[in-house]
Amino acid sequence: MPETNEQIEQEIVDKGLTAPRVTYAEIKAKMDQVVYRCHVIEGTTTTVAVALLPMGEDFFSLAIGESACVDPKNFDKALGEKYAIQRAAADAENKLWELEGYSLKKALTENNSKEA
């Protein structure tokens with residue numbers, strides 16, 4: 001069974017790895033701000049959810065998730081949104097790790113080049 005983000009974070013802390021890094025708490029705080037916009041594509045059973053991170057009066061698009069069912073008799077809008085949001089949220093969290101890691105690495109590189 002894969003470890004949870006909390007378990008991974010605890011393992012890092014327990015090992016005393018204190019160099020600058022992106023923490024799960026930072027990612028979770030950003031994920032708590034994410035909003036989702038859903039849309040059912042007309043004439044289909046496909047539901048699309050977009051994960052958006054508020055940026056002032058605008059949004060930054062993090063990820064898109066989708067769900068669908070084969071037989072329209074099984075279509076349920078609420079379930080379609082639920083599963084599309086779950087997929088968008090997972091991808092958004094992964095994207096945030098990537099973006100925040102890049103941002104930290106860039107800042108550290110710039111600081112090191114100023115000190116040299």
Side-chain angles (χ1 to χ4, degrees):
M1 175 181 239
E3 293 181 278
T4 66
N5 284 319
E6 291 87 355
Q7 290 169 321
I8 293 167
E9 183 71 23
Q10 190 60 53
E11 186 174 28
I12 291 167
V13 169
D14 290 348
K15 287 187 171 274
L17 302 173
T18 60
R21 63 186 182 86
V22 178
T23 67
Y24 176 62
E26 293 167 335
I27 298 301
K28 185 173 179 339
K30 288 195 180 341
M31 284 301 296
D32 288 344
Q33 297 174 36
V34 172
V35 295
Y36 300 91
R37 299 288 188 262
C38 296
H39 176 73
V40 176
I41 298 175
E42 188 177 335
T44 75
T45 63
T46 301
T47 304
V48 176
V50 181
L52 302 163
L53 186 62
M55 306 289 288
E57 294 182 26
D58 200 4
F59 293 92
F60 180 78
S61 179
L62 286 171
I64 297 171
E66 67 178 88
S67 68
C69 61
V70 175
D71 190 324
K73 293 178 208 163
N74 289 329
F75 179 73
D76 181 281
K77 185 176 187 277
L79 287 179
E81 289 180 356
K82 175 183 173 181
Y83 298 128
I85 286 171
Q86 285 177 359
R87 290 180 175 124
D91 288 349
E93 184 174 301
N94 288 333
K95 177 69 70 106
L96 281 172
W97 279 109
E98 190 176 335
L99 292 170
E100 292 299 309
Y102 170 80
S103 181
L104 178 58
K105 179 66 173 179
K106 183 177 180 195
L108 292 172
T109 301
E110 289 171 355
N111 285 342
N112 287 340
S113 65
K114 288 178 186 177
E115 294 173 5

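For clarity, every value in this text was computed on a predicted model and none was experimentally measured. The first residue in the sequence is number 1, and the count goes up from there. These values consider heavy atoms only, across backbone and side chains, with no hydrogens, waters or symmetry-generated copies.
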Under the side chain to side chain contact (heavy atoms under 4.5 Å, CB included) rule, collect the residues that match up with T23, sequence neighbours excluded.
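Only E9, R21, A25, E26 meet the side chain to side chain contact (heavy atoms under 4.5 Å, CB included) criterion with T23.
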Counterpart residues, side chain to side chain contact (heavy atoms under 4.5 Å, CB included), relative to E57 (two or more places apart)
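None.
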With a 4.5 Å heavy-atom cut-off, do T109 and K106 have their side chains touching?
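A side-chain contact is absent here, since even the closest heavy-atom pair is not under 4.5 Å.
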Value rounded to 0.5 Å, distance of [atom1] in [X] from [atom2] in [Y]:
X	Y	atom1	atom2	answer
K73	T45	NZ	OG1	13.5 Å
K15	E11	NZ	CD	6.0 Å
I64	H39	CD1	NE2	12.0 Å

Show me the pairs that pass salt bridge (charged side-chain N to carboxylate O under 4.0 Å, His left out) and involve residues 28-55, at least two apart or across chains.
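The answer is K28-D32.
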If Ile, Leu, Val, Met, Phe, Trp and Tyr residues are connected whenever their side-chain heavy atoms lie under 4.5 Å apart, and connections chain through other members, are [X] and [Y] in the same group?
X	Y	result
V22	F60	yes
I8	L17	yes
V13	I27	no
L62	Y24	yes
V34	M55	yes

Scan the side chains in residues 87-100 for donor-acceptor partners under 3.5 Å anywhere in the protein, sequence neighbours excluded, and list what turns up.
{"from": "R87", "atom 1": "NH1", "to": "E66", "atom 2": "O", "distance (Å)": "2.9"}
{"from": "E93", "atom 1": "OE2", "to": "N5", "atom 2": "ND2", "distance (Å)": "2.7"}
{"from": "N94", "atom 1": "ND2", "to": "A90", "atom 2": "O", "distance (Å)": "3.4"}

Which atom of T44 lies closest to which atom of V40, heavy atoms considered:
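Scanning both residues completely, I find the closest heavy atoms to be O-CG1, 4.0 Å.
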Ignoring hydrogens, what is the shortest heavy-atom contact between T47 and A84? Give both atom names and the distance.
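Taking T47 first and A84 second, the nearest heavy atoms are O-CB, 3.7 Å.
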Which donor-acceptor pairs under 3.5 Å do side chains of residues 75-83 form with protein atoms, sequence neighbours excluded?
{"from": "D76", "atom 1": "OD1", "to": "A78", "atom 2": "N", "distance (Å)": "3.1"}
{"from": "D76", "atom 1": "OD1", "to": "L79", "atom 2": "N", "distance (Å)": "2.8"}
{"from": "K77", "atom 1": "NZ", "to": "E81", "atom 2": "OE2", "distance (Å)": "2.8"}

Under 4.5 Å side-chain heavy-atom separation, chaining through any Ile, Leu, Val, Met, Phe, Trp or Tyr, what else clusters with Y102? Say none if it is isolated.
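Y102 shares its hydrophobic cluster with no other residue.
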